[in-house]
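Remarks on the structure that follows.
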Amino acid sequence: MADKEESTTSEYPEVTSSAGAWNPQIGDPVDPRAQQRKALEPREPIVVPVKPGGGAMRGLFWLVATIGLVVALVLGARTIGLFPGLKSPFAEQQTDRSGPALLKSVQDLSQFVAAEGNFQVIVDVQKDRKYIPDFLLNERILFVAAGSVEVYVDFASIGQGAVKESEDRRTAEISLPSPQLRPVRIDNDHSYVYSQERGIFNRIGDALSSDPNRMQEVYKLAEQKIGDAAKDAGLQKRAEDNTRKMLQQFLAALGYTSVTVNFPAP
C-alpha cells in the first residue's frame with residue numbers, strides 16, 4: 001500500500017497553494033456566495049514594464065532646431081556685416097542656358113557716321129473701356145525710353161562724275177547724297193517702366209495667361225517718337241557740316257588747296 005501511494009505521489013506532484021488563495025479540497029462544502037466574494041476580492045496589480053518612447057522624435061526636433069539656429073546666426077552675422085566675406089547659402093543663382101551666337105551674314109559698309117543724337121521720351125499708354133470704371137478694367141503704362149539716332153552719309157551711292165578735280169590736282173569738287181537717319185536704337189540700360197496701373201480684370205487675365213509681347217507695342221511707340229524728334233532736331237544739317245569738314249581735312253593732307261563738298265538741296 002505504501003508503494004502504491006509513493007508511485008501516485010511521484011506521478012501527480014503535490015500542488016502547494018499560495019497564501020490567501022482559495023484552493024478547494026475534496027469534501028469541502030461548496031458555497032457559491034463564498035466563491036463570488038473571493039472573485040470580487042482585490043488582486044495584486046500586474047506591473048508591465050514600459051520603455052520610455054519618443055526618443056526619435058525628440059532627436060529630430062533638436063536637429064531641426066539646431067539647423068534653424070545656425071542658419072539664423074549666419075544670416076544675422078552677414079546682415080550686420082560681421083563676416084563680410086561670408087557668402088549666403090541662399091543667395092540667388094542665375095543659370096544661362098542660351099546657345100552660342102550664329103553668324104548669319106557679313107556686309108561691307110561704306111557709310112560715314114557724321115552725327116548722332118541722344119533722346120529721352122516718356123511714353124504714356126492707357127487702354128480702357130468706355131463706361132467701365134478704371135479700377136475694373138484699365139491698363140496704363142508710363143515708360144521712360146532712352147534712345148539714340150545716327151546720321152550717316154553713304155559713299156557707296158556716289159556715282160560716276162561725282163568727284164571732279166583740276167588738272168593740277170589742287171582743286172576738287174565732290175557731290176554727295178543727302179545724309180540718312182538710321183533706325184532708332186533703344187538703350188535698355190537707361191530705359192525703364194516708371195509706373196504701371198492695372199484693373200481687377202486685367203490682373204485676373206495676367207494670372208491666367210501671360211503676354212510676352214506686351215511691351216513690344218510700347219517700345220515701337222517710343223522708337224516712333226524718338227525718330228520724329230530726330231527729324232526735327234537738325235541732325236542732317238549737322239551731318240553735312242561734319243562730312244564737309246572731314247573731307248576737306250583729308251584732301252588737304254593729300255595736297256589739295258581747295259575742296260568743295262556739295263549736298264542736294266533740301
Side-chain angles (χ1 to χ4, degrees), residues 98 100-127 140-195 212-266:
S98 305
L102 301 178
L103 179 62
K104 300 183 65 176
S105 64
V106 177
Q107 182 178 1
D108 295 331
L109 299 179
S110 57
Q111 301 173 350
F112 171 68
V113 179
E116 181 181 11
N118 299 313
F119 302 88
Q120 187 180 63
V121 63
I122 299 178
V123 180
D124 187 354
V125 180
Q126 182 175 5
K127 295 182 180 180
R140 183 179 181 183
I141 298 178
L142 288 177
F143 180 66
V144 180
S148 60
V149 178
E150 293 180 346
V151 186
Y152 67 94
V153 178
D154 189 4
F155 290 102
S157 61
I158 299 177
Q160 187 177 4
V163 179
K164 300 178 181 180
E165 61 178 355
S166 61
E167 294 181 357
D168 57 358
R169 300 178 65 87
R170 294 294 181 181
T171 302
E173 182 179 357
I174 305 174
S175 299
L176 297 177
S178 299
Q180 302 294 325
L181 296 175
R182 283 184 176 174
V184 179
R185 295 185 304 176
I186 299 296
D187 187 359
N188 295 323
D189 294 335
H190 297 87
S191 302
Y192 57 93
V193 177
Y194 180 77
S195 66
N213 299 322
R214 175 181 301 171
M215 292 298 299
Q216 185 176 3
E217 181 180 356
V218 179
Y219 270 82
K220 288 184 177 180
L221 186 57
E223 292 175 356
Q224 179 182 350
K225 291 182 176 296
I226 292 177
D228 294 341
K231 294 178 182 178
D232 300 333
L235 292 178
Q236 291 175 306
K237 180 62 171 61
R238 190 179 184 90
E240 292 179 359
D241 296 339
N242 293 338
T243 305
R244 186 176 289 110
K245 291 180 182 179
M246 184 271 297
L247 291 176
Q248 289 175 350
Q249 294 176 359
F250 177 74
L251 295 178
L254 297 179
Y256 289 88
T257 58
S258 176
V259 178
T260 302
V261 180
N262 300 321
F263 290 94

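Numbers here simply count residues along the sequence, with the first being 1. No experiment lies behind these values; they were computed from the predicted model shown.
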All ring-ring contact (aromatic ring centres under 6.0 Å, His included) counterparts of F143, not counting sequence neighbours: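 In terms of ring-ring contact (aromatic ring centres under 6.0 Å, His included), with neighbours along the sequence ignored, F143 is linked to Y219.
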Look at the side chain of [X] and the backbone N and O of [Y], then say whether any donor-acceptor pair between them is shorter than 3.5 Å.
X    : Y    : answer
E173 : T260 : no
D187 : A146 : no
T171 : S258 : no
Q248 : M246 : no

Nearest 0.5 Å please: distance from the [atom1] atom of [X] over to the [atom2] atom of [Y].
X    : Y    : atom1 : atom2 : result
E217 : M215 : CD    : CE    : 10.0 Å
I226 : L221 : CD1   : CG    : 10.0 Å
E240 : L235 : CD    : CG    : 11.5 Å

Side-chain donor-acceptor pairs under 3.5 Å in residues 149-159, sequence neighbours left out?
unit_1: E150; atom_1: OE1; unit_2: R182; atom_2: NH1; d: 2.7
unit_1: E150; atom_1: OE2; unit_2: R185; atom_2: NH2; d: 3.3
unit_1: D154; atom_1: OD1; unit_2: A156; atom_2: N; d: 3.1
unit_1: S157; atom_1: OG; unit_2: D154; atom_2: O; d: 2.8

Atom of [X], atom of [Y] and distance for their closest heavy-atom approach:
X    : Y    : answer
A222 : I186 : CB-CD1, 4.4 Å
R170 : G255 : NH1-O, 2.8 Å
A114 : T243 : CB-OG1, 3.4 Å

Evaluation steps, side chain to side chain contact (heavy atoms under 4.5 Å, CB included), between F263 and R244: CA-CA 9 Å; F263 290 94; R244 186 176 289 110; 3.4 Å; yes
Full working for side chain to side chain contact (heavy atoms under 4.5 Å, CB included) between I174 and L251: CA-CA 11 Å; I174 305 174; L251 295 178; 3.7 Å; yes
Lys/Arg-Asp/Glu bridge criterion (N-O < 4.0 Å) met for K237, D241: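 Salt bridge flag = yes for D241 with K237.
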Residue pair Q224, D228: steps toward the side chain to side chain contact (heavy atoms under 4.5 Å, CB included) verdict: CA-CA 6 Å; Q224 179 182 350; D228 294 341; 3.9 Å; yes
Contact check, side chains of F119 and K225, non-hydrogen atoms, under 4.5 Å: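 No, every pair of side-chain atoms sits at 4.5 Å or beyond.
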